[in-house]
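A short worksheet on the structure shown next.
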Amino acid sequence: MRINTGKNMLKRLLILAAVMIFLLSTNVARIFYLQIVRGEELSLKAESQQMRDSEISAMRGTIYDSEGNVLAQSATVWNIYIDPLAIVLEPAEDATKEEIAKKEQETEKRRTLIVDKFTEIFEYDDKQKEELIEKTKQESHYAIIEKKVENNIKEEISEFISENKLNCIGMEQTTKRYYPYGSVASSVIGFTGADDQGLSGLEAFYDEDLTGTNGRVITAKDAYSNNIASEYETTVEATDGMSLVTTLNQTIQYYLEKGLRETLEEYQAKGAYGVVMNCKTGAVYAMSSLPDFDCNDPYTLTYDKNIKAIEKITDKKEKEEAESAAVQNQWRNFNVSDTYVPGSVFKTFIASAALEENVVSLNTTFNCTGAIKVENYIMKCHYHPGHGHETFTQGLENSCNPFFITVGQKLGVHNYFKYFDAYGFTQTTGIDLPGEASPQYYQENQYGIVELSSAAFGQTNSLTPIQVCTGLCAVANGGKLVTPYLVSSIVDPDGKTVKKTEPNVVRQVISEETSKTVREMMKAVVDNGTGKNGYVAGYRVGGKTGTSTKLGESKEGEGDKYIVSFGAIAPSDDPELAMIIIVDEPNQDLGGGALCAPIAAQIIEESMGVLGIEPKYDDDELKNLSSYTPNVTGKSLDEAKKEIDEYSLNYTVIGKGDKVVRQCPTSAETIPNGGTIYIYTDENKRQTVKVPDFTGLTVSEAKSLAQSSKINIEITGNDLTNGNVIAARQSEEKDKEVEQGTVITVSFKNTESVLD
């Protein structure tokens with residue numbers, strides 16, 4: 001019995017040992033599985049439960065104009081989130097049914113409190129409220145409620161959290177992009193997406209520079225997901241992005257957009273585009289592509305013509321597609337991303353090439369009969385009766401196609417293409433904007449006499465507006481092709497300049513002598529030719545009009561579609577500015593001289609003052625100049641009358657006193673020659689009138705209307721004695737209440753227009 005007992009004991013011990021070894025092996029295997037196989041996964045899971053990792057958004061860099069005005073900037077906003085699991089109030093482990101039910105009621109009360117408050121703050125509709133309720137019931141610790149809310153809303157939510165002692169609502173700091181001037185230069189600046197990534201314009205091109213490096217805040221959490229004391233918190237500060245200082249001048253940009261927008265809407269055009277450059281450096285002062293968009297709201301259509309056209313579409317899918325296409329079109333910067341046939345503006349380049357190669361001179365003449373035969377084709381002049389005998393300068397003034405066809409033929413294919421390439425028309429300009437289109441052109445070996453003849457007056461090849469404007473800079477600045485650019489410097493968050501753009505001369509295209517000659521020819525175009533509406537008193541403006549038929553888009557039976565333009569330089573004797581103004585598919589058959597030149601004139605008139613360039617008036621211009629108004633306020637009525645007479649001005653007395661208490665215009669303002677000063681002898685007798693509509697009136701009609709309306713008008717424009725000159729715009733809108741004697745500037749334009 002003892003032996004058996006010993007054997008049984010041994011057997012039991014062996015079984016126990018085997019069981020223990022098995023259990024130990026299982027534990028070892030389990031430990032190996034958890035620590036080695038799933039170690040990294042479980043470690044991350046533990047960290048997520050024990051730590052809260054929040055991102056600190058870096059500020060995107062600011063974009064400035066050349067004067068330091070903010071065009072785009074980022075500001076702090078907040079993401080509002082909830083912890084759905086923290087809304088639930090957990091009962092104690094040994095809680096009774098009644099206690100559990102009470103906790104559930106309190107949880108629902110908290111949920112309702114939160115939902116009602118957010119619905120009130122964010123003005124949710126019933127559907128949004130239901131979606132919010134579902135978020136509060138998620139099995140998670142994080143659910144976004146609203147992104148990028150302003151600080152006032154964040155403060156209201158903070159107060160709500162404090163009052164109700166809620167640990168289930170949180171706020172994360174982030175940033176939002178703001179554009180203080182809305183649509184100003186929108187096609188240049190661009191906009192950002194929801195993740196603050198640049199999607200177009202400078203925002204996209206310089207995205208890497210503008211984007212900063214986000215920081216982090218890592219905080220320990222307790223078993224209930226509450227933050228533990230700050231001693232367990234680690235912060236990695238964010239690094240803000242670089243800022244851009246652009247070459248854009250806000251004043252010049254304003255007048256470019258103003259002129260383009262007025263013309264776009266008046267003539268219900270498809271688009272209106274423009275570029276203004278410093279012709280010596282390549283710096284872009286202004287660039288606009290209309291229709292444009294508000295950078296703060298880029299997905300909303302802005303052009304009424306497009307909106308109304310889309311509203312007429314009845315098919316839902318077709319309507320959505322049309323709206324999407326229209327939105328994307330208003331983002332597109334035509335000046336850089338599209339090509340067009342430049343038309344007769346291109347004649348300036350042909351003229352410079354022919355003069356440089358000595359195949360023509362200013363003494364070269366031609367007899368235009370209205371058409372010219374090239375092989376089996378009859379190529380017509382825009383003036384069908386023909387211009388008759390012309391000098392080379394007159395050929396440019398008249399924009400005579402047959403003349404320039406003969407010039408192109410004298411130049412020859414090889415020389416033509418040599419200068420076409422030298423002006424940069426075979427490659428992109430390299431401007432610092434995304435999506436620059438490549439030119440579409442014939443290679444040298446593809447030209448025959450017909451192609452050369454057509455190209456000589458600006459047809460055949462397609463270029464981008466920025467290429468044409470850059471070419472005009474070379475014509476104007478002494479023959480140097482420069483690289484256009486929009487960002488003059490990049491600045492770090494501490495204000496230190498880390499990169500500066502230096503003007504880049506690509507090559508010498510023509511001689512200074514040829515440049516001077518062509519500038520004089522372009523001035524003659526404005527003084528005597530098709531570009532008269534580009535005239536600005538005191539500044540010698542050179543220009544060239546252009547029209548091209550959009551053959552690929554013109555439909556049979558609908559008439560031809562045109563794109564008209566005007567290239568300008570100023571002052572022509574020592575140019576500072578070069579520009580191209582384009583109107584796409586206007587609803588009237590008017591050329592660049594009628595539609596685009598007046599815009600250029602207004603830009604030049606305003607820009608010269610901004611750039612500090614003083615006017616130089618000739619004798620005829622001096623006769624029409626306004627002068628400072630004499631100061632007669634405070635003087636006796638007799639003294640005032642005598643002084644006004646000495647200035648050869650008129651006066652009207654309002655009141656029955658014997659002393660002048662106020663006057664209009666004031667001494668701080670100018671008054672046209674022969675104008676009328678309204679002098680008051682009784683302060684309470686101030687008289688106002690409504691500004692009349694001068695649009696479409698001749699000079700004499702406008703003067704008569706101004707006199708009867710008891711206001712003064714200052715007249716601007718060229719060839720004001722011509723019967724075809726009519727008022728095109730005025731400095732104050734019609735029906736605006738102004739004081740009697742107020743000076744209104746009325747601009748006139750020549751309505752003789754050619755589709756050259």
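Positions are given from 1 along the sequence.
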Practice task
Identify which one of Lys129, Lys109, Arg110 satisfies the salt bridge (Lys or Arg N to Asp or Glu O under 4.0 Å) criterion when paired with Asp116.
Solution key: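 With Asp116 as partner, salt bridge (Lys or Arg N to Asp or Glu O under 4.0 Å) holds for just one option, Lys129.
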
Rounded to the nearest 0.5 Å, what separates atom [atom1] in [X] from atom [atom2] in [Y]?
| X | Y | atom1 | atom2 | answer |
| --- | --- | --- | --- | --- |
| Leu301 | Lys308 | CG | NZ | 13.5 Å |
| Gln250 | Glu67 | CD | CD | 9.0 Å |
| Ile63 | Leu486 | CD1 | CG | 10.5 Å |
| Ile87 | Glu106 | CD1 | CD | 14.5 Å |
| Tyr81 | His141 | OH | NE2 | 12.0 Å |
| Asp209 | Lys499 | CG | NZ | 7.0 Å |

Is any NZ, NE, NH1 or NH2 atom of the basic residue among [X] and [Y] found under 4.0 Å from an Asp or Glu carboxylate oxygen of the other?
| X | Y | value |
| --- | --- | --- |
| Glu108 | Arg111 | yes |
| Lys117 | Glu156 | yes |
| Lys258 | Glu262 | yes |
| Arg177 | Asp196 | no |

[X] to [Y] - nearest heavy-atom pair and separation:
| X | Y | result |
| --- | --- | --- |
| Leu256 | Ser288 | CD2-N, 3.7 Å |
| Thr107 | Leu89 | OG1-N, 2.9 Å |
| Leu577 | Ser607 | CD1-CB, 3.7 Å |
| Gly201 | Pro434 | O-CD, 3.3 Å |
| Ser289 | Ser187 | N-OG, 3.6 Å |
| Glu732 | Val691 | O-CG1, 3.9 Å |

Is the number of heavy atoms from other residues, nucleotides or ligands under 6.0 Å of [X] [atom1] greater than 12?
| X | atom1 | value |
| --- | --- | --- |
| Asp126 | CG | no |
| Glu131 | CD | yes |
| Glu733 | CD | no |
| Lys305 | NZ | yes |

Main-chain N/O of [Y] paired with [X] side-chain donor or acceptor, under 3.5 Å:
| X | Y | result |
| --- | --- | --- |
| Ser243 | Gly61 | no |
| Tyr303 | Leu264 | yes |
| Gln253 | Met287 | yes |
| Gln128 | Asp125 | yes |
| Lys154 | Met171 | no |
| Thr175 | Met59 | no |

Practice task
Give the intermediate values and the outcome of side chain to side chain donor-acceptor pair (under 3.5 Å) for residues Gln602 and Glu606.
Solution key: CA-CA 6 Å; Gln602 185 178 19; Glu606 301 297 339; 5.4 Å; no

So, [X] versus [Y]: side-chain donor-acceptor pair below 3.5 Å or not?
| X | Y | value |
| --- | --- | --- |
| Tyr124 | Glu130 | no |
| Glu134 | Gln138 | no |
| Asn296 | Tyr178 | no |
| Thr429 | Glu436 | yes |
| Tyr64 | Asn69 | no |
| Tyr142 | Asp83 | no |

Exercise for the section: Give the C-alpha distance, both sets of side-chain angles, the deciding distance and a yes or no for salt bridge (charged side-chain N to carboxylate O under 4.0 Å, His left out) between Glu203 and Arg60. Expected result: CA-CA 10 Å; Glu203 292 277 29; Arg60 191 172 176 83; 2.9 Å; yes

Exercise for the section: Before giving the answer on side chain to side chain contact (heavy atoms under 4.5 Å, CB included), spell out for Met242 and Leu210 the whole-Å C-alpha distance, their side-chain angles and the decisive distance to 0.1 Å. Expected result: CA-CA 5 Å; Met242 305 285 187; Leu210 289 164; 6.0 Å; no

Practice task
Please report the C-alpha distance between Trp78 and Gln173 in whole Å, then the side-chain angles of each, then the deciding distance to 0.1 Å, and finally whether the side chain to side chain contact (heavy atoms under 4.5 Å, CB included) criterion is met.
Solution key: CA-CA 5 Å; Trp78 306 85; Gln173 181 177 316; 3.6 Å; yes

Exercise for the section: Compare all side-chain heavy atoms of Leu202 with those of Val487 and state whether any distance is below 4.5 angstrom. Expected result: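 In short, these two side chains touch, coming nearer than 4.5 Å.
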
Handout entry: Phe293 and Tyr299 aromatic centres sub-6.0 Å
Key =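 Judged by ring-centre distance (under 6.0 Å), Phe293 and Tyr299 do not meet the cut-off.
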
Exercise for the section: Evaluate the salt bridge (charged side-chain N to carboxylate O under 4.0 Å, His left out) criterion for residues Arg261 and Asp292: first the C-alpha distance (whole Å), next the side-chain angles of each, then the deciding distance (0.1 Å), finally the verdict. Expected result: CA-CA 10 Å; Arg261 201 175 306 280; Asp292 58 0; 3.1 Å; yes

Exercise for the section: Check Val149, Asn79, Thr76 against Thr174 for a side-chain contact (heavy atoms from CB on, under 4.5 Å) and give me the one that passes. Expected result: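 The residue from Val149, Asn79, Thr76 that satisfies side-chain contact (heavy atoms from CB on, under 4.5 Å) with Thr174 turns out to be Asn79.
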
Problem - Residues Glu320, Ser324; criterion side chain to side chain donor-acceptor pair (under 3.5 Å); working and verdict - result: CA-CA 6 Å; Glu320 289 175 352; Ser324 176; over 6 Å; no

Handout entry: Evaluation steps, side chain to side chain contact (heavy atoms under 4.5 Å, CB included), between Ile82 and Thr136
Key = CA-CA 7 Å; Ile82 59 171; Thr136 65; 3.8 Å; yes

Problem - Step-by-step side chain to side chain contact (heavy atoms under 4.5 Å, CB included) determination, Asn335 to Thr464 - result: CA-CA 6 Å; Asn335 297 296; Thr464 59; over 6 Å; no

